[in-house]
Number of protein chains: 2
Amino acid sequence: MNTTVTIDLQRASQLLKLLGDPTRLTMMKLLKSHECCVCEFVEIFKMSQPAISQHLRKLRDIELVKEERRGQWIFFSINEHHEDYPFIKSILEHLPDQNESIAELEAQGLRVCCQ
Amino acid sequence: MNTTVTIDLQRASQLLKLLGDPTRLTMMKLLKSHECCVCEFVEIFKMSQPAISQHLRKLRDIELVKEERRGQWIFFSINEHHEDYPFIKSILEHLPDQNESIAELEAQGLRVCCQ
DNA sequence: TCAGTATATAACCATATGCTTATATACGCA
DNA sequence: TGCGTATATAAGCATATGGTTATATACTGA
């Protein structure tokens, strides 16, 4: 049974705009199946740390992701309790898995959550 | 049976970026159930004609919409044969109907396709 | 306490975006 | 043909966006 939840149009465009950035879209897809911390994203995307941080701030500000500090590291995870999560999920489901990125990180010994 | 088609991530973010503008998102939702011409959108959105034209150009350039000239008027409709239409449709389905906009236009005698 | 590492924030910059006014182009009709 | 209407395009502008370098803040361990 597929019941699609209705979203306010302004809200939808706001969410779509956020996901319209390839980096943020990929982040969300990765976070759908894994937790990741900033330094892992820095490696995965080959981007500067502040750039990654800015992207994550946007996702966190709207509460699409949650953060949890573990010592030096801050782990991000997707907020499945978010009111608009079903909408986000329906979008992410169309995307190819990004698990190779994580696997590669592990192969290089750069995966943080294993520490 | 709900089979979601997989889209290239770059492609998806491009599409999401387009729909991340409230005007274009609303246009797509309207076009899902009606044809509309430029002057109707000008009335519906209370926007300048060139602004409307620019938005439509972006949708047409990527072939999400088709156009058809009928005399002085150019009518736009959604391109249901577009490769990515199922993805677009899955997004639009979450939005509230925008039929009141059209109904209001008709009440004001500004609906063009009735001419 | 201090040095090293992780991350957020500040400030800046180049480019993109969505709007405007002006003008070009297309159509209909007398 | 010329005028009126519809629409596309050009040019310009203010603001937004996504990146950078620099610095501030937080944590860890010796």
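Computed from a predicted structure; not experimentally measured. Here is how names work: the chains are called A, B, and so on, in the same order as the sequence lines, proteins then strands, and each is numbered from 1.
D:dG18 atom C1' lies 14 Å from atom CG of A:Leu56, rounded to whole Å. One interatomic measurement links the two molecules: CG of A:Leu59 to C1' of C:dA8, which rounds to 15 Å at whole-angstrom precision. Residue B:Glu67 contributes atom CD, which lies 17 Å from atom P of C:dT25 at whole-angstrom precision. Atom pair A:Asp21:CG and C:dT15:C1' shows a separation of 14 Å (rounding to whole Å applied). Atom P of nucleotide D:dG18 and atom CG of A:Leu19 are separated by 12 Å, given to the nearest angstrom. The separation between B:Phe45 atom CZ and C:dC19 atom C1' is 15 Å, rounded to whole Å. To the nearest angstrom, C1' of C:dT20 lies 13 Å from CD1 of B:Ile52. Separating the CG atom of A:Leu18 from the C1' atom of D:dT17 is a distance of 12 Å, rounded to the nearest angstrom.
Residue A:His55 has no polar side-chain atom (N or O) positioned under 4.0 Å from OP1 or OP2 of D:dT17. Within the structure, every side-chain polar atom (N or O) of B:Arg60 is placed at least 4.0 Å from both OP1 and OP2 of D:dT7. Remark: A:Ser48 is in phosphate contact with D:dT20, judged by side-chain N or O atoms under 4.0 Å from OP1 or OP2. Distances shorter than 4.0 Å separate none of the side-chain N or O atoms of B:Ser53 from OP1 or OP2 on D:dT7. The side chain of A:Lys17 places no N or O atom within less than 4.0 Å of a non-bridging phosphate oxygen (OP1 or OP2) of D:dA16. Considering only side-chain N and O atoms, A:Arg24 lies nowhere under 4.0 angstrom from the phosphate OP1 or OP2 of D:dG19.
Using modelled atom types, one side-chain atom of B:Thr26 and one backbone atom of B:Pro22 make a donor-acceptor pair closer than 3.5 Å.
Set against D:dG18, C:dT7, D:dA8, the side chain of B:Val38 has D:dA8 as its closest nucleotide. With C:dG18, D:dC27, D:dT7 as the candidates, the nucleotide lying closest to the side chain of B:Trp73 is D:dT7. Considering only side-chain atoms of A:Pro50, the nucleotide from D:dT9, D:dG19, C:dA10 that sits closest is C:dA10. With distances taken from any side-chain atom of B:Lys58 to the nucleotides C:dG18, D:dA10, D:dA26, the minimum falls on C:dG18. Set against D:dT21, D:dA8, C:dT7, the side chain of B:Ile74 has D:dA8 as its closest nucleotide.
Within the 4.0 angstrom heavy-atom criterion, only backbone atoms of the sugar-phosphate kind lie near B:Phe76; the bases stay farther away.
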Report the C-alpha separation of B:Glu93 and B:Lys89 in whole Å, then their side-chain angles, then the decisive distance to 0.1 Å, and conclude whether the side chain to side chain contact (heavy atoms under 4.5 Å, CB included) test is met. CA-CA 6 Å; B:Glu93 280 170 351; B:Lys89 183 165 175 270; 3.1 Å; yes
Please step through salt bridge (charged side-chain N to carboxylate O under 4.0 Å, His left out) for the pair B:Lys32 and B:Glu80, ending with a clear verdict. CA-CA 9 Å; B:Lys32 185 150 188 313; B:Glu80 294 187 351; over 6 Å; no
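Salt bridge absent: A:Lys66 and A:Glu68 never bring a charged side-chain N and a carboxylate O closer than 4.0 Å. Looking at A:Asp84 and A:Arg11, a side-chain N of the basic residue comes within less than 4.0 Å of a carboxylate O on the acidic one, giving a salt bridge.
Taking only distance into account, the side chain of A:Gln72 never meets the base of D:dT28 through a donor-acceptor pair shorter than 3.5 Å. With hydrogens and angles left out, the side chain of A:Gln49 and the base of C:dA8 share a donor-acceptor pair within 3.5 Å.
Here the options are A:His34, A:His94, A:Arg24, A:Gln98, the test is side-chain contact (heavy atoms from CB on, under 4.5 Å), and the partner is A:Lys29; only A:Gln98 passes.
Map A:Thr23 and A:Arg69 each onto its nearest nucleotide of DNA chain D; the residue landing nearer the 5' end is A:Thr23. Where B:Gln54 and A:Gly71 each meet DNA chain D at their nearest nucleotide, the meeting point lying more 5' is that of B:Gln54.
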